[in-house]
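Report on one structure; see the data block that follows.
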Amino acid sequence: EYEGDRNSEGERHGFGKARLPNGDTYEGQYERGLRSGHGTYRFKNGALYTGDYLQNKKHGKGVFFYPDGSKYAGDWVHDQREGYGEYLYANGDTYTGEWANNKRHGQGTYVYKDTGSKYVGAWVNGIQEGPAELIHLNHRFKGRFLNGKPLGRGKFIFDIGCEQHGEYIQPVQVKEIEKEEEEEEEPPLPVEPQWKASEITKLTPWSPHDEEPAP
C-alpha cells in the first residue's frame, strides 16, 4: 500500500507512506520510485531506522535502533555502517569512532560499562589491533595490540606517578604426546600473552607510536 506523491510517470516521488508486503512500513522521501532523502523505516521485528536514504539504501547520516535494545548513530554508506559513528550495545558498552563495512575499523574508543575501563586506539575489521591505550580506574596500559590482545613492548602507568615497562610475550604452546585411540581432538586453549616486566621508572613520554614501522 502507498499513499503519497507521484511524478508524471506514476512513480513514487516526493513524500509518501508505504506498507511493505512483509509488514514493514516506511514514511519519508522518494525519488523515482525509490527511497531517497530522509525517512523512517519501521521493521516488523521492532527495529527502526531514521535517517538518510539513497536509492533504497541507508546512505548518509542515520540512527538505527536494533530489536535487542542496541543502537547505532552515525554515517552509512550503501546500507553499511561506514565512516564515523557511535554504537550503544545491549550490555551498556559503547564504541565511538571509525567504521568500515559494518565493523569497527580505524581509530575508536570502546568503554566497558561493567568495569569503566576504556580501550582507546586502533581497530582492524572489528578487532583491537595496533597502538592503543587501555585505561583502568587507577592505572593504564600503553602498547600495541594484535588480534584483541596486547603483544610486544608496552608500559603500565600508575596514577601514583610511576611506570612499569616490559613486554607481552606470546608463550609457546607445548603439544602433548598424543595418546592412543584419541576419540576427539580437544581444541587447544588459546594461550594468553604473558607480561614480562623489565623496569620501574618515573613517568616517561614513550608511546607505541614511537616505533611505528617505516612505511
Side-chain angles (χ1 to χ4, degrees), residues 1-114 116-133 135 145-148 209 212 215:
E1 299 165 30
Y2 174 75
E3 60 177 78
D5 304 333
R6 294 182 186 270
N7 60 14
S8 52
E9 278 97 74
E11 298 168 315
R12 300 173 186 189
H13 192 86
F15 183 82
K17 295 178 184 182
R19 177 178 293 280
L20 287 82
N22 64 4
D24 296 351
T25 62
Y26 174 76
E27 183 173 330
Q29 299 291 326
Y30 282 90
E31 262 177 50
R32 302 195 59 94
L34 301 174
R35 295 188 293 276
S36 277
H38 195 83
T40 298
Y41 191 107
R42 291 169 196 276
F43 296 80
K44 208 172 123 192
N45 66 5
L48 181 144
Y49 171 79
T50 182
D52 299 328
Y53 274 95
L54 183 66
Q55 296 181 341
N56 273 357
K57 298 213 161 119
K58 298 183 283 291
H59 192 90
K61 300 245 180 251
V63 184
F64 200 116
F65 298 89
Y66 295 89
D68 65 1
S70 59
K71 166 188 152 188
Y72 171 81
D75 297 331
W76 297 83
V77 175
H78 296 309
D79 260 348
Q80 308 274 312
R81 296 188 291 271
E82 181 137 346
Y84 189 88
E86 182 173 323
Y87 202 117
L88 166 66
Y89 294 88
N91 66 359
D93 292 356
T94 58
Y95 171 81
T96 310
E98 295 176 305
W99 295 80
N101 289 329
N102 267 345
K103 294 190 173 148
R104 303 182 289 262
H105 189 87
Q107 289 294 311
T109 298
Y110 191 101
V111 180
Y112 299 88
K113 180 177 181 277
D114 281 356
S117 295
K118 247 196 288 204
Y119 174 95
V120 183
W123 297 78
V124 177
N125 285 332
I127 294 168
Q128 299 169 342
E129 193 153 308
E133 225 172 323
I135 302 165
F145 282 69
L146 185 67
N147 277 331
H209 294 277
E212 287 285 336

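Computed from a predicted model, the values in this text were never measured in an experiment.
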Residues in side-chain contact (heavy atoms from CB on, under 4.5 Å) with [X], at least two apart?
X	value
Thr40	Arg42, Leu48, Thr50
Leu54	Ser36, His59
Ala47	Phe43, Asn45, Phe64, Pro67

Worksheet item: Is there a donor-acceptor pair under 3.5 Å between the side chain of Glu133 and the backbone N or O of Val120?
Response: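 Checking the backbone N and O of Val120 against the side chain of Glu133, no donor-acceptor pair under 3.5 Å is found.
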Discussion item. For Arg35, is there any backbone N or O sitting under 3.5 Å from a side-chain donor or acceptor partner on Asn56?
Written reply: yes
Quick one: salt bridge (Lys or Arg N to Asp or Glu O under 4.0 Å) partners of [X], sequence neighbours excluded?
X	answer
Glu82	none
Glu1	none
Asp75	Lys61

Fill in: Test of ring centre spacing under 6.0 Å for Tyr110 and Tyr89
yes
How many angstroms lie between [atom1] in [X] and [atom2] in [Y], if you round to the nearest 0.5 Å?
X	Y	atom1	atom2	answer
Glu129	Leu146	CD	CG	4.5 Å
Asp5	Gln29	CG	CD	8.5 Å
Tyr66	Tyr72	OH	OH	8.0 Å
Leu88	Ser70	CG	OG	7.5 Å
Trp76	Lys58	CH2	NZ	5.0 Å

Shortest non-hydrogen contact from [X] to [Y]?
X	Y	value
Glu86	Trp99	N-NE1, 4.5 Å
Gly130	Ala122	CA-CB, 4.0 Å
Ala73	Val63	CB-CG2, 4.0 Å

What side-chain donor-acceptor pairs closer than 3.5 Å can you find for residues 8-18, not counting sequence neighbours?
unit_1: Glu9; atom_1: OE1; unit_2: Arg32; atom_2: NH2; d: 3.4
unit_1: Glu11; atom_1: OE1; unit_2: Asn7; atom_2: ND2; d: 2.9
unit_1: His13; atom_1: ND1; unit_2: Arg32; atom_2: N; d: 2.9

Worksheet item: Stepwise, does the side chain to side chain contact (heavy atoms under 4.5 Å, CB included) test hold for Trp123 with Gln128?
Response: CA-CA 5 Å; Trp123 297 78; Gln128 299 169 342; 3.5 Å; yes
Those residues that, when tested against [X], pass ring-ring contact (aromatic ring centres under 6.0 Å, His included) (two or more places apart):
X	answer
Tyr84	none
Phe145	Tyr119
His105	none

Discussion item. Before you tell me yes or no, could you show the steps for Tyr26 and Tyr53 under ring-ring contact (aromatic ring centres under 6.0 Å, His included), namely the whole-Å CA-CA distance, both residues' side-chain angles and the distance that decides it to 0.1 Å?
Written reply: CA-CA 11 Å; Tyr26 174 76; Tyr53 274 95; 5.4 Å; yes
Worksheet item: What residue pairs, at least two apart or across chains, pass salt bridge (charged side-chain N to carboxylate O under 4.0 Å, His left out) with a residue in residues 19-30?
Response: none
Worksheet entry | salt bridge (charged side-chain N to carboxylate O under 4.0 Å, His left out) partners of residues 90-110, not counting sequence neighbours, each pair once | none
Practice prompt. Could you walk me through whether Phe65 and Tyr49 pass the side chain to side chain contact (heavy atoms under 4.5 Å, CB included) test, one step at a time?
Written response: CA-CA 6 Å; Phe65 298 89; Tyr49 171 79; over 6 Å; no
Discussion item. With a 4.5 Å cut-off on side-chain heavy atoms, are Tyr41 and Leu20 touching?
Written reply: yes
Worksheet entry | Residue pair Asn22, Lys44: steps toward the side chain to side chain contact (heavy atoms under 4.5 Å, CB included) verdict | CA-CA 8 Å; Asn22 64 4; Lys44 208 172 123 192; 5.8 Å; no
